[in-house]
Amino acid sequence: MLNLDKMQTILNKIKENDKIFIFRHFRPDGDAVGSSKGLAAILKLTYPEKKIYLQNADFSGYLSFLGGEDEILPDEEYADALGIVVDTATQDRISNKKYSLCRELIKIDHHIPIESYAPTEWVEEERSSTCEMIAHFYDTFRHELKIDVEAATYIYTGMVTDSGRFRFRDVSGETLRLAGTILSVGVDTDTLFAHLYLKEFDELKFEAYVHKKMKITEGGVAYIYVDNKMKEQFGLSDETAGNVVSLMDSIKGSIIWLAFIENKDGSTRVRLRSRFVTVSELANKYHGGGHACASGATVYSRKEMNQLIKDADSLIKEYKANNDGWM
Ligand code: AMP
């Protein structure tokens, strides 16, 4: 089925249903929050008579400037609702497990499709963000759908953050055209970028510490381990600790970089990033997944962590031996 047909099917289902619940993945990023809130805002504006609720079980402190979400409703409220899950490749990553109580489910996502979990699925893995898909959905049906500055701000947030401020490889001419459409609604980018990118003084001190502590393998895998003690020492939340991955993104010759962040339960979250070389298969091997150049995983021991670093090192070496043009 063509994607236009899928989008039309989704619009028809939205029109047919009076109650719509919108879900996204746990530990939400800008794209998960932006696409769920952006879609909800467009639908609320267009269909004020419908009951549209954001039904999620966890939140992101650094995105709280985008406002809150709805209280989780009792189980019996789900039975006659259409559920739309955005930006979530697999069921186990859906924030609110009650999604399965919905009468019908739709998935809208841009991740590599590992698993099918809804009868109606619109997945475009070449899109730079799910927000780009929501922008495309709005643009395709703009004769019918309404948008305002609030909805546009949510959508633009996801487009900016998931594309690394429009720098990543999956940014296309279409991404920028759609971003232009959304921006023209009147997004206040000064305020948005201030919320997203200004740092506390202590955060910069922590960055200096990370730059001092990070290591690099023979092949060029840069990595750092942030344990709970370090989090305490610098007053880091799990979220801010996770951001260390981006501090290693501009090292020449280091085309894979990894952040290991100790979880409270003793397991370790891994954030994998790369240029040119694909890391999603490596993430799959360590209980994770994601995109070609941005994936997530979990390791459960030092041994497993060291093995992952070794595997990444082999991956780089093999890539460098067989490819030119990397930097
Ligand atoms: P993160 O480093 O957590 O921001 O993850 C990077 C990308 O990989 C995001 O698009 C996540 O949705 C995806 N991802 C992270 N962890 C997992 C996982 N355990 N399974 C599948 N995808 C994941």
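This one's a predicted model, so the numbers in the text were calculated from it and none came from an experiment. Counting starts at 1 for both ligands and their atoms, in listed order.
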Chemist: How far does CG of Asn243 sit from NZ of Lys199, to the nearest 0.5 angstrom?
Modeler: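 The CG atom of Asn243 sits 8.5 Å away from the NZ atom of Lys199.
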
Chemist: For ligand 1, list the protein residues that place a heavy atom within a distance below 4.0 Å of one of its atoms, sorted by chain and number.
Modeler: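 Contacts of ligand 1 under 4.0 Å: Arg93, His111, Arg269, Arg271, Arg273, His287, Gly288, Gly289, Gly290, His291, Ala294, Ser295, Gly296.
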
Chemist: Would you please name every residue forming a salt bridge (Lys or Arg N to Asp or Glu O under 4.0 Å) with Lys98, sequence neighbours left out?
Modeler: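 Asp75.
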
Chemist: Should Glu174 and Arg127 count as an ion pair when the cut-off is N to O under 4.0 Å?
Modeler: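 Arg127 and Glu174: salt-bridged.
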
Chemist: Is a side-chain donor-acceptor pair under 3.5 Å present for Thr175 with Glu132?
Modeler: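 Yes, Thr175 and Glu132 have a side-chain donor paired with an acceptor closer than 3.5 Å.
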
Chemist: Would Arg142 and Asp139 pass as an ion pair if we require N to O under 4.0 Å?
Modeler: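 Judged by the 4.0 Å cut-off on N to carboxylate O distance, Arg142 and Asp139 do form a salt bridge.
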
Chemist: Could you measure the distance from the CD1 atom of Ile261 to the CD atom of Glu239? Nearest 0.5 Å is fine.
Modeler: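 Reported to 0.5 Å precision, the distance equals 11.5 Å.
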
